[in-house]
Amino acid sequence: MATLSEAYREHPLHLRHIIPLDFSSLSTLPDSHAWFQPHDHDHNNHQDDDDDHGHDRDGGIPSIPIIDLADPNAMELMGMACENWGAFQLKNHGVSVSDIEEVEKEAKRFFDLPTEQKLKALRSPGGATGYGRARISPFFPKFMWHEGFTIVGSPSSDAKKIWPNHYQTFCDKIEIFQKQMNALSEKLTRMMFNLLEIPEEEKKWVGSTNSNNGAIQLNFYPCCPEPNRAMGLAPHTDTSLFTILHQSETNGLQIFKEGNGWVQVNPNPNSLIVHTGDFLHIISNARFKCALHRVVVNRNKKRYSVAYFHNPPLDYVVSPLVVNSNDARFRRVGVKEYFGIKAKNFGEALSLISTS
Ligand SMILES: C=C1C[C@]23C[C@@]1(O)CC[C@H]2[C@@]12CCC[C@@](C)(C(=O)O1)[C@H]2[C@@H]3C(=O)O
Ligand SMILES: O=C(O)CCC(=O)C(=O)O
Ligand SMILES: [Fe+2]
């Protein structure tokens, strides 16, 4: 069975796009990380540190839908949210919040380590797992104010390098989280596929996913001396069927909404954010949007988030579900093949498989 690591092996990154800056000793923003000029007007739609709850200050800013998984209409509401936003907040999701918090605690334990310790788990140039910059780094002229740790399958070999005698807690917490994310992902996939009326033979794989086609990403955004000129995570869509994200109490995530621009997603420790990824956009023949999102940073608050990327099996082929094949907006594409196209072309990937 093909793996995510195989998909990335053919697209090695240069080490300068993997090794993060040592942010701990910086009191000014280096030019390498300055995305905007000091007087650029409101470019970053930045929120001050004390404005964590991001209430509508001018009354008219919409926010992503909140869906209760226990609501009998949850499936239809999810469909509308995916059509209009490509994202929603999910409450009553059935995942233990304390298990999520435990993973966040482990993320803090890792990112708070001295740089030389973290570098022991550095992602290899052609690898999928390990510590490093976001893999979209080469597509931007400046570096992001961010560190990441990507986990595909078991994290034990990386965890042993970091904590030779204390790796087990990390592995246990991740494993519990992976199981919970798999269960929730299966439930959400079934609901979305029912909504899209995907035929039975196309969804045989649902429920048989294993931890090698999902990925966990621990994200860390250190305090930034000039948050208005920096970028936490540059605008991107996720390469997944959908992504389940938990942001801790610090704001920063923004979703782009046609007609409104960048809209802040308010943190809510009890809910999870779901983003429609590229694969669901393709399968739904663009009925479901894939949300363009980014992260802005804070001056005085560190920010952590945990993302789970749910993918179809890597040896599976996705194609738009249409009655008349002339209506298909994308060609059929292998999951592993698409990961490769995205790794090589990033923002152009969807247009490269477009039929028009
Ligand atoms: C499954 C994956 C999605 C991701 C690439 C990855 O293999 C694991 C890391 C993910 C991540 C997290 C930060 C943003 C992002 C764009 C990136 O650079 O690495 C996503 C990737 C993606 O969605 O393509
Ligand atoms: O940190 C966040 O809130 C978003 C992270 C994200 O977009 C990602 O990991 O793909
Ligand atoms: Fe993302």
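Both ligands and their constituent atoms are indexed starting at 1 by order of listing. Not measured: the values here are computed from a predicted model. FYI, the numbering just counts along the sequence from 1.
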(request) Just need the protein heavy atom nearest to atom 14 (C) of ligand 1, so name the residue and atom and give the distance. (result) H236 NE2, 3.8 Å
(request) First locate atom CG of N311, then atom OG1 of T239, and finally report the distance between them rounded to the nearest 0.5 Å. (result) 8.0 Å
(request) Have a look at R135, H275, H146 and point out the one with the heavy atom closest to atom 19 (O) of ligand 1. (result) R135
(request) Give the atoms of ligand 1, by number and element, whose distance to some non-hydrogen atom of A215 is under 4.0 Å. (result) 1 (C)
(request) State whether the side chain of T150 and the backbone N or O of Q217 hold a donor-acceptor pair below 3.5 Å, judged by distance alone. (result) no
(request) Just jot down the ligand 2 atoms closer than 4.0 angstrom to any heavy atom of R303, in number order. (result) 1 (O), 2 (C), 3 (O)
(message) Can you name the atoms of ligand 2, numbered from 1 with element, that are less than 4.0 Å from a heavy atom of L233?
(response) 5 (C), 6 (C), 7 (O), 8 (C)
(request) Any atoms of ligand 1 less than 4.0 Å from a non-hydrogen atom of A134? List them with their elements. (result) 18 (O)
(request) Please identify which atoms of ligand 1 are closer than 4.0 Å to at least one heavy atom of D238. (result) 23 (O)
(message) Please check: side-chain N/O of R133 versus main-chain N/O of R16, any donor-acceptor pairing under 3.5 Å?
(response) yes
(message) Minimum distance, heavy atoms only, to atom 9 (O) of ligand 2: which one of N219, L245, I255 is it?
(response) N219
(request) Decide yes or no on salt bridge (charged side-chain N to carboxylate O under 4.0 Å, His left out) for E106 and R109, but give the supporting numbers first. (result) CA-CA 5 Å; E106 290 304 303; R109 184 158 81 99; 2.8 Å; yes
(request) Ignoring angles and geometry beyond distance, decide whether H275 reaches within less than 3.5 Å of ligand 2 through its nitrogen or oxygen atoms. (result) no
(message) For atom 8 (C) of ligand 1, what's the nearest protein heavy-atom neighbour? Residue, atom name and distance, please.
(response) T150 CG2, 3.4 Å
(request) Could you tell me whether the side chain of R229 and the main chain of L29 form a donor-acceptor pair under 3.5 Å? (result) no
(message) Using a 3.5 Å distance criterion without hydrogens, assess whether the side chain of W145 forms a donor-acceptor pair with backbone atoms of P222.
(response) yes
(request) Determine, for E200 against K203, whether the closest basic-nitrogen to carboxylate-oxygen distance falls under 4.0 angstrom. (result) yes
(request) Tell me, with the steps shown, if S271 and Q89 meet side chain to side chain donor-acceptor pair (under 3.5 Å). (result) CA-CA 6 Å; S271 68; Q89 299 227 38; 2.8 Å; yes
(message) I need the nearest protein heavy-atom contact for atom 9 (C) of ligand 1: residue, atom name and distance, please.
(response) Q217 OE1, 3.5 Å
(request) May I ask you to say whether R287 pairs ionically with E83, meaning some side-chain N is under 4.0 Å from a carboxylate O? (result) yes
(request) State the atoms of ligand 2, each with its element, that fall below the 4.0 Å cut-off from a heavy-atom position in V295. (result) 1 (O), 2 (C), 3 (O), 4 (C)
(request) Can you pull out the closest protein heavy atom to atom 5 (C) of ligand 1? Residue, atom name and distance to 0.1 Å, please. (result) Y8 OH, 3.3 Å
(request) Have a look at ligand 1 and work out which part of L4, if any, has a heavy atom under 4.0 Å from it: side chain, backbone, both or neither. (result) side chain
(request) Run through Q178, K179, K173 and flag the one making a side chain to side chain donor-acceptor pair (under 3.5 Å) with E175. (result) K179
(message) Using the Fe ion (ligand 3) as the vertex, how large is the angle between NE2 of H293 and NE2 of H236, rounded to 10 degrees?
(response) 90°
(message) Less than 4.0 angstrom from a charged side-chain N to a carboxylate O is my criterion; do K118 and E147 meet it?
(response) yes
(request) Specify which N/O/S atom of D238 comes nearest to the Fe ion (ligand 3), by atom name. (result) OD1
(request) Output the list of atoms in ligand 2 that are nearer than 4.0 Å to some heavy atom of Y221, sorted by atom number. (result) 1 (O), 2 (C), 4 (C), 5 (C)
(request) Pull out every atom of ligand 2 sitting under 4.0 Å from any heavy atom of H293, numbered as shown with elements. (result) 7 (O)
(request) Considering the heavy atoms of F309, write down every atom of ligand 2 situated less than 4.0 Å from one of them. (result) 8 (C), 9 (O), 10 (O)
(message) So if I apply the side chain to side chain donor-acceptor pair (under 3.5 Å) rule between T243 and each of D238, T276, T237, which one comes out positive?
(response) D238
(message) I'd like to check which ligand 1 atoms, numbered from 1 as shown, lie under 4.0 Å from a non-hydrogen atom of I136.
(response) 16 (C), 18 (O)
(request) Among all protein heavy atoms, pick out the one at the shortest distance from atom 11 (C) of ligand 1; state its residue, atom name and that distance to 0.1 Å. (result) F309 CZ, 4.0 Å
(message) Regarding D278 and K342, does a basic nitrogen lie under 4.0 Å from an acidic carboxylate oxygen?
(response) yes
(request) Please state whether R294 comes within less than 4.0 angstrom of ligand 2, counting heavy atoms only. (result) no
(request) Check each atom of ligand 2 against the heavy atoms of D238 and keep those under 4.0 Å away; list them by number with element. (result) 10 (O)
(message) Run the salt bridge (charged side-chain N to carboxylate O under 4.0 Å, His left out) test on E186 and R190 for me, step by step, so that the C-alpha distance in whole Å, both residues' side-chain angles and the decisive distance to 0.1 Å come before the verdict.
(response) CA-CA 6 Å; E186 185 183 330; R190 287 194 194 286; 3.0 Å; yes
(request) Using atom types as modelled and distance alone, determine if a side-chain donor or acceptor of E226 lies under 3.5 Å from a backbone N or O of R299. (result) no
(message) Among all the protein's non-hydrogen atoms, which is closest to atom 22 (C) of ligand 1, and how far away is it?
(response) T239 OG1, 3.4 Å
(request) Please confirm whether H236 comes within less than 3.5 Å of ligand 2 when only nitrogen or oxygen atoms on both sides are compared. (result) yes
